[in-house]
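Lettering of chains follows the sequences in order, A, B, ..., and the numbering in each one begins at 1. The model shown is predicted, which means the values in this text are computed figures rather than measured ones.
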Amino acid sequence: MKNAEAAELLQNIADMLEIKGESPFRVRAYREAARAIETLAEPIEAVAERDELEEIPGVGESIAAKLAEYLETGTLAYYEDLREQVRPGLAELLEVPGIGPKKAKLFYEQLGIDSIEKLEKAAREHKLRTLPRIGPKTEEGILNAIERLRGRSGRTPLGIALPAAREFLEIVRGLKDVRQADLAGSLRRGRDTIGDLDLLASSDDPARVVDQFVALPGAKSILAHGPTKGTIVTAEHLQIDLRVVKPEEYGAALQYFTGSKAHNIHLRALAEAAGYKVNEYGVFRTSDDRRVAGETEKGVYQTVGLEWIPPELREDQGEIEAAASGDLPDLVELADIRGDLHLHTDWSDGRDSLEQMVEAARARGYEYVVISDHSVSMGFVHGLTLERIQEQRGRIVELNERYPDIRILHGTEVNIRADGSLDYEDEVLAEFDVVTASVHSGMGMDRERMTRRILRAVRNPHVDILGHPTGRILGKREPYEVDLQAVIRAAAESGTALEINAQPDRLDLKDTDARLVAEAGAMVAINSDAHSVEQLGLLEYGIATARRGWIERKHVLNALPLEQLLRRLGRPTTPARYALAA
DNA sequence: GCCGTTTTCGGCCCGACTGTTTTCAGTCG
Ligand SMILES: Nc1nc2c(ncn2[C@H]2C[C@H](O)[C@@H](COP(=O)(O)OP(=O)(O)OP(=O)(O)O)O2)c(=O)[nH]1
Ligand SMILES: [Mg+2]
Ligand SMILES: [Mg+2]
Ligand SMILES: [Zn+2]
């Protein structure tokens with residue numbers, strides 16, 4: 001899969017064109033194409049193979065030809081040419097916050113600066129301030145920006161950013177004169193990683209709120225401080241943007257600040273065609289500049305002829321068209337989830353006892369819960385031997401008698417071996433209520449073998465769910481090479497569900513993969529994979545991911561009521577008796 | 001460079017904050 005690589009190539013071209021002073025629209029075209037390829041659910045090679053590159057929105061004749069050349073030969077003549085014209089190191093300067101194409105060009109042409117290293121040196125020696133429109137503050141700002149760049153480690157996983165953002169949100173809500181406050185930006189859209197924390201507030205005196213915000217003890221440095229917005233950096237190197245508007249502007253501001261950028265641009269272009277101007281203060285009729293909406297988000301969308309669009313869909317991936325024609329999906333919600341199908345206990349690598357995990361599931365109001373400890377070959381996490389399976393089943397029978405308000409199902413997270421066979425014999429698997437099969441080793445396998453391996457597991461009649469189907473760990477491990485389309489097709493045929501594992505460092509399947517599942521008519525299971533009682537709450541992240549993947553309740557295995565779930569799994573609907581289990 | 005129920009040519013979202021400016025360019029959201 002060369003999507004990330006191809007997207008980066010286009011981004012590099014965009015950077016160089018920008019430094020060259022090319023048309024901003026041309027630059028934007030390259031960035032848009034890069035974004036489209038980055039979020040493409042299938043390998044770009046496969047699209048190129050079918051000769052369908054131009055079908056990708058944002059990719060036209062010219063970029064399609066460049067991509068084809070790059071994918072075929074591994075290089076791109078146009079790019080090599082550009083690198084002759086624009087010193088490659090110059091693009092690196094754009095990574096420094098506050099440095100754009102104009103300053104990069106200026107620094108290179110006047111001082112020969114073509115690396116962050118050289119930029120830092122020049123700033124320290126006060127050479128920058130000799131240049132036009134560059135003073136001591138800019139120089140100082142550049143040094144600080146370089147330091148920040150080195151201190152931070154890319155995008156933050158949602159699982160870290162969201163709790164931190166909620167803490168700050170409560171602080172903001174407590175500031176004097178604040179009326180309302182909410183999360184916005186990528187947090188509100190539920191992206192798996194977050195660039196910065198975007199918070200929105202309303203107040204009759206916005207400037208006073210911003211003043212209080214930047215004066216908070218949590219603000220280790222202040223990057224911007226104006227009458228309507230402020231930006232701070234926390235000790236943990238998280239950047240927080242707060243935007244503050246008047247109460248009557250809140251809806252328009254929330255729409256703006258939730259984004260995404262691409263969604264906003266599309267919405268605003270659509271509005272203009274309909275005779276309106278949209279900004280963060282409201283919707284204005286072009287003819288007389290009268291404000292006709294802005295108090296609520298819904299009003300903003302309705303005024304331009306759209307249904308209200310759930311934030312998770314706002315990526316300009318077809319949601320605006322769907323909203324225009326009334327075809328938005330009815331997205332799954334946390335309240336639709338009837339049970340968690342993937343929990344671990346201290347019988348394998350979980351922290352808490354079987355009973356504690358069941359209590360936690362009851363506390364969440366679940367109708368059913370599946371205990372799915374690891375299988376025998378996972379010796380290092382105490383995978384269950386045949387004897388311990390029987391023993392655990394006995395415990396579950398007891399617990400079912402003790403807790404009639406929840407049905408406890410006996411499952412397993414069975415290891416998929418290198419050849420696609422499973423860790424337990426068929427007779428053993430048949431005794432479980434729910435079987436989740438997952439890959440936990442041999443992930444470096446080539447695409448063909450890995451696909452065969454996983455297909456075999458998916459088609460195994462005993463397997464109900466394929467666990468964390470691509471194996472990615474955010475920031476640590478790339479997804480394995482696998483033909484996911486083939487896996488999804490097989491899942492649709494065999495009735496095996498594909499998991500959306502809600503562990504925030506996994507979120508696997510990811511959003512765009514999940515959308516393929518829905519389109520293929522297969523099902524997903526949204527599971528916490530909890531290893532402790534509090535981790536049942538991680539399901540929230542899986543729900544966000546599912547919603548971003550246009551998943552509806554009807555696509556979700558664990559949104560089924562118990563009876564229907566068991567029927568679908570081909571299991572008897574009454575609890576096992578102890579005698580039968582023993 | 002892309003794209004089309006207003007266009008195959010001529011548009012392409014709209015605004016805040018900073019620093020350095022004597023009137024606004026650059027950068028970012
Ligand atoms: N209209 C418009 N809105 C923008 C633009 N750039 C950003 N926004 C809006 C939409 C974004 O979701 C919101 C917050 O900006 P961010 O840069 O923080 O982006 P976002 O949070 O979406 O992603 P992130 O995870 O922070 O990288 O501001 C723009 O160029 N035009
Ligand atoms: Mg953001
Ligand atoms: Mg932001
Ligand atoms: Zn697990």
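- Look at CD on A:E95: it is 15 Å from P on B:dT27, rounded to the nearest Å.
- With distances taken from any side-chain atom of A:K103 to the nucleotides B:dG19, B:dG26, B:dG15, the minimum falls on B:dG26.
- Using a 4.0 Å heavy-atom criterion, one finds that A:H225 contacts the sugar-phosphate atoms exclusively.
- When heavy atoms are screened at a 4.0 angstrom cut-off, A:K66 is found touching the sugar-phosphate backbone but no base atom.
- Put simply, CZ on A:R268 and CG on A:L270 are 13.0 Å apart, with the number rounded to the nearest 0.5 Å.
- Counting non-hydrogen atoms under 4.0 angstrom, A:P24 reaches nothing in the nucleic acid.
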A:H263 and A:E315: CA distance, side-chain angles, deciding distance, side-chain hydrogen bond (donor to acceptor under 3.5 Å, both in side chains) verdict: CA-CA 5 Å; A:H263 176 89; A:E315 298 289 348; over 6 Å; no

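- In this structure, the CD1 atom of A:I320 is 12 Å from the P atom of B:dC13, given to the nearest Å.
- Residue A:V278 is in sugar-phosphate contact alone, with no base atom involved, counting any heavy-atom pair closer than 4.0 Å across all strands shown.
- A side-chain N or O of A:W308 and one of A:E297 form a donor-acceptor pair less than 3.5 Å apart.
- To the nearest angstrom, C1' of B:dT18 lies 17 Å from CZ of A:R129.
- Here the C1' atom of nucleotide B:dC28 and the CZ atom of A:R31 are 12 Å apart, to the nearest Å.
- No contact: A:N264 has no heavy atom under 4.0 Å from any strand.
- Nucleic acid contact for A:I134: sugar-phosphate only, since backbone atoms but no base atoms lie under 4.0 Å from a heavy atom of the residue.
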How does protein reach along nucleotides 2-10 of chain B, written 5' to 3' as B (base within reach of a heavy atom under 4.0 Å), S (only sugar-phosphate), or - (no contact)? SS-------

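- Donor-acceptor pairing under 3.5 Å is lacking for the side chains of A:Q212 and A:K176.
- Between the base of B:dG29 and the side chain of A:Y256 there is a donor-acceptor pair shorter than 3.5 Å.
- Base pairing of B:dT8: no nucleotide in any strand meets the Watson-Crick or G-U wobble criterion (both distances under 3.5 Å).
- Taking atom CG of residue A:L200 and atom P of nucleotide B:dG29, one finds them 16 Å apart after rounding to whole Å.
- A donor-acceptor contact closer than 3.5 angstrom is absent between the side chains of A:R179 and A:S202.
- Side-chain contact, A:D182 with A:Y250: a donor N or O sits under 3.5 Å from an acceptor N or O.
- Atoms CD1 and CZ, from A:I551 and A:R515 in turn, are 10.0 Å apart once rounded to the nearest 0.5 Å.
- Within 4.0 Å (heavy atoms only), A:P132 reaches no atom of the nucleic acid at all.
- When rounded to the nearest whole Å, the span between CZ of A:R26 and P of B:dG11 equals 19 Å.
- In summary, the side chains of A:S203 and A:D177 do not present any donor paired with an acceptor at a separation below 3.5 Å, with no hydrogens or angles considered.
- If A:K277 and A:V96 are placed on DNA chain B by their nearest nucleotide, the residue sitting closer to the 5' end is A:K277.
- The A:N279 side chain lies nearest to B:dG15 when the options are B:dG15, B:dC17, B:dC13.
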